[in-house]
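In what follows, a single structure is set out as structure tokens and then discussed.
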Protein chains: 2
Amino acid sequence: MVFQPLVNRRTGLFEGTMSPNYLRSLPRTPPENGETEKDALFVQSIARAMDVLSIFHQIDRPLSLQEISSLTGLGRSNVQRIVFTLRSLGYITRDPDDRGYVPGLRLLDHSLDFLRLNPVVVKATPILLELRRAVRERVDLSIWDDLRLVYASRLQSKREILTSTFIGYSVPVFCVSGGWAILSQLGEDEADSILTRSRRKAVTPKTLTDLGALKEKIRETREAGYATALEQVLPGEIAIGAAILDQAQRPVAAIHVAGSLSEWTPEDFTRQFAPLLVQAARTISRG
Amino acid sequence: MVFQPLVNRRTGLFEGTMSPNYLRSLPRTPPENGETEKDALFVQSIARAMDVLSIFHQIDRPLSLQEISSLTGLGRSNVQRIVFTLRSLGYITRDPDDRGYVPGLRLLDHSLDFLRLNPVVVKATPILLELRRAVRERVDLSIWDDLRLVYASRLQSKREILTSTFIGYSVPVFCVSGGWAILSQLGEDEADSILTRSRRKAVTPKTLTDLGALKEKIRETREAGYATALEQVLPGEIAIGAAILDQAQRPVAAIHVAGSLSEWTPEDFTRQFAPLLVQAARTISRG
DNA sequence: AATCGGAGTATCGCTATGCGATACAGTCGT
DNA sequence: ACGACTGTATCGCATAGCGATACTCCGATT
């Protein structure tokens, strides 16, 4: 079940309440065994509807009502009503080939709202376009979300693959250059927490997974002001990343420049682009 | 209130039901005055939650609970609970400067699902990348949604503006090249219906709004196999568009190539790029 | 400092609302 | 002709969500 405590990532403080009114009637288990009942408490129609939509995160094909039902654990009737409603609203549609339900176009309207209203994205986009013009390689903006980085803006180079054009795509913080740049701006405890909580699974043979090696990498990054990642998530790819900070000097996002090792040596790549990258990151961070 | 009848855009047939179970107890007003009570029927928690999220479509700043309440017409308490839930789930967050609520990062996860699972997007993206390589100008994919086209994939050229990098952004069908290409593939009645239902407001001084002129334009487009739009939505911009068809030969999307009139004459632009555009559109339509 | 309006949060009773069970209706494949 | 799938419809029950109300902060205005 998807439930996140309302922690303000900037301040690190807890926000909001744990006990909305509709929880009152429940058997109010003592606060000690905090985990389990929070989840149980939070079963309500909005969350259920969003669970239905979220089921597609794990799946890459159209789904039938039955499948949604078993995947979400919701009853068949219930799923039918929820899907009906979401369909009426345009958040779910039938697959064009009529093989089941898929997420609907209207979801894009909401992602646009996010992008339009996110100050980092708005601030960064023109600067990234300029950076792109200068480097002529792929340039990305990704937003930090605990253990992952979510791509919010992508400016492609000539030669690209499918997933590298999609926004919303997310990668683990621990194994990308932007992630290292962010970790290098955090306190040691916080960075450690993220590293240890991450499921450090190698994506390519070169992916760093060893805690010590990662900490060393982060130390280097902190000194250099940017991170260099070689084939960490994609074979043959070199990426450099720098962190975007908010007014409180906390990292909130990262920008990347990524290129191909068949065209660049790591040294040339960083020598050429790192200064521009760091400069762009500074500008976005509004000094 | 956002409620769309479940019409399959491909077949044009009505799908689904008008009367989910929870409507039964209502005073069942006679079907004559169809409009109003459909709305009234559809008040339920999912729709309410989505209304809250949708409020941001009209707004370009963080909102307070009160504002959301008055804009949605939902009660203050209700809005507080809905926002609380959506916040717990990550679909709404506080503005970084703490001036109100804004759409949350998690919305991007869903737009990714849409993109990943949409066969047109998946089919088109590699072909668009190739097209982009050949033309070195902006290339877009937009998906048809009744009166509008929604950008689903955008490959920028050197010189771009902010909105032209955002996916989810939508433009009216009646005044863009891709829209004309789509209209040219529809039956006369259907195209007329779209034109007349559109709020044909000029975006630039050059925007065509006259029904006759538009029909003529569509006729030209049908013959040429692609559409040319000069400064229709952006001063100084030339765009050519072609329709993507599904297996039933119905248009479902469009692709654009767009460039600057300061660099191209319309003749050169179309001569150079139209064949490539049309070829790409054919390939995507899986002929 | 006293008052105000506007932020967000909490409580509680009522009943409309959403759930599950069940049954129905098409459409495949064998 | 059958069973195993799709998706849809109906209805009783009680729980989940609503509105009204009251509360706590905070900063602006007087």
Side-chain angles (χ1 to χ4, degrees), chain A residues 5-6 8 13-28 40-52 61-70 72-88 92-95 97-102, chain B residues 5-6 8 11 13-28 40-52 61-88 92-95 97-102:
Chain A
L6 296 178
N8 184 323
L13 296 175
F14 179 78
E15 286 183 357
T17 168
M18 264 358 292
S19 53
N21 67 342
Y22 38 79
L23 307 185
R24 110 195 78 104
S25 56
L26 287 158
R28 263 260 168 249
L41 293 181
F42 215 68
V43 178
Q44 64 177 154
S45 66
I46 295 176
R48 281 185 287 259
M50 289 333 236
D51 273 359
V52 167
R61 64 190 157 83
L63 292 177
S64 72
L65 291 178
Q66 325 257 22
E67 291 174 305
I68 296 172
S69 169
S70 61
T72 56
L74 300 172
R76 309 155 52 71
S77 313
N78 198 0
V79 165
Q80 134 84 344
R81 284 189 302 272
I82 292 171
V83 169
F84 171 84
T85 303
L86 291 173
R87 214 146 80 94
S88 308
I92 284 183
T93 35
R94 293 239 93 208
D95 178 67
D97 302 330
D98 207 47
R99 286 173 299 138
Y101 298 103
V102 290
Chain B
L6 296 178
N8 183 324
T11 61
L13 297 175
F14 179 78
E15 286 183 357
T17 169
M18 272 341 308
S19 53
N21 66 342
Y22 37 81
L23 308 183
R24 111 196 77 105
S25 56
L26 286 159
R28 262 261 167 247
L41 293 181
F42 216 70
V43 178
Q44 63 177 156
S45 66
I46 295 175
R48 284 185 284 258
M50 289 334 234
D51 273 359
V52 167
R61 64 191 157 80
L63 293 176
S64 72
L65 291 179
Q66 326 256 19
E67 291 175 303
I68 296 172
S69 170
S70 61
L71 286 166
T72 55
L74 300 173
R76 310 159 44 70
S77 312
N78 198 0
V79 166
Q80 134 84 345
R81 284 188 302 272
I82 292 172
V83 168
F84 171 83
T85 303
L86 290 173
R87 214 146 78 95
S88 307
I92 284 183
T93 34
R94 293 238 93 206
D95 178 68
D97 303 330
D98 207 47
R99 286 172 299 139
Y101 298 103
V102 290

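Letters A, B, ... are given to chains in the order of the sequence lines, protein chains preceding strands, and every chain is numbered from 1.
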If you compare every side-chain N and O of [X] against the phosphate oxygens of [N] (OP1, OP2), does one of them come in below 4.0 Å?
{"X": "B:N78", "N": "D:dG17", "result": "no"}
{"X": "A:Q80", "N": "D:dT8", "result": "yes"}
{"X": "B:R99", "N": "C:dA7", "result": "no"}
{"X": "B:S45", "N": "C:dG18", "result": "yes"}

When you measure from the side chain of [X] to the backbone N and O of [Y], does any donor-acceptor pair fall under 3.5 Å?
{"X": "A:D95", "Y": "A:D97", "value": "yes"}
{"X": "B:T85", "Y": "B:R81", "value": "yes"}
{"X": "B:S88", "Y": "B:F84", "value": "yes"}

Rounded to the nearest angstrom, tell me the gap between atom [atom1] in [X] and atom [atom2] in [N].
{"X": "B:D51", "N": "D:dG17", "atom1": "CG", "atom2": "P", "answer": "17 Å"}
{"X": "B:R81", "N": "D:dA20", "atom1": "CZ", "atom2": "C1'", "answer": "11 Å"}
{"X": "B:R48", "N": "D:dG19", "atom1": "CZ", "atom2": "C1'", "answer": "12 Å"}
{"X": "B:L74", "N": "D:dG17", "atom1": "CG", "atom2": "C1'", "answer": "12 Å"}
{"X": "B:I82", "N": "C:dT9", "atom1": "CD1", "atom2": "C1'", "answer": "16 Å"}

Practice item. Compute the angle between the rotation axes at the two ends of the helix from C:dA1-D:dT30 to C:dC28-D:dG3, each taken over five pairs, rounded to 10 degrees. Key: 30°

Exercise for review: List the steps and the verdict of side chain to side chain contact (heavy atoms under 4.5 Å, CB included) for A:V52 and A:I92.
Suggested key: CA-CA 10 Å; A:V52 167; A:I92 284 183; 4.1 Å; yes

Produce the list of close N/O pairs, under 3.5 Å, pairing protein atoms with atoms of nucleotides 2-6 of chain D; give distances to one decimal.
from	atom 1	to	atom 2	distance (Å)
D:dT6	OP1	A:S64	OG	3.4
D:dT6	OP2	A:Q66	NE2	2.4

**Study point:** Pairwise distance CZ(B:R76) to CG(B:N78) - rounded to 0.5 angstrom
**Key:** 12.0 Å

Review point. From B:I82 CD1 over to B:M50 CE, what is the distance, rounded to the nearest 0.5 angstrom?
Key: 11.5 Å

Point to revise | side chain to side chain contact (heavy atoms under 4.5 Å, CB included) between A:L65 and A:E67, worked out | key: CA-CA 5 Å; A:L65 291 178; A:E67 291 174 305; over 6 Å; no

Exercise for review: Please examine the side chains of A:S45 and A:R48, heavy atoms only from C-beta on, and report whether any two atoms are closer than 4.5 Å.
Suggested key: yes

Check your understanding: What heavy-atom pair brings A:S69 and A:G75 nearest, and what distance separates the two atoms?
Key -> OG-C, 3.9 Å

Exercise for review: Identify, between A:L63 and A:I46, the residue whose nearest nucleotide on DNA chain D lies closer to the 5' end.
Suggested key: A:L63

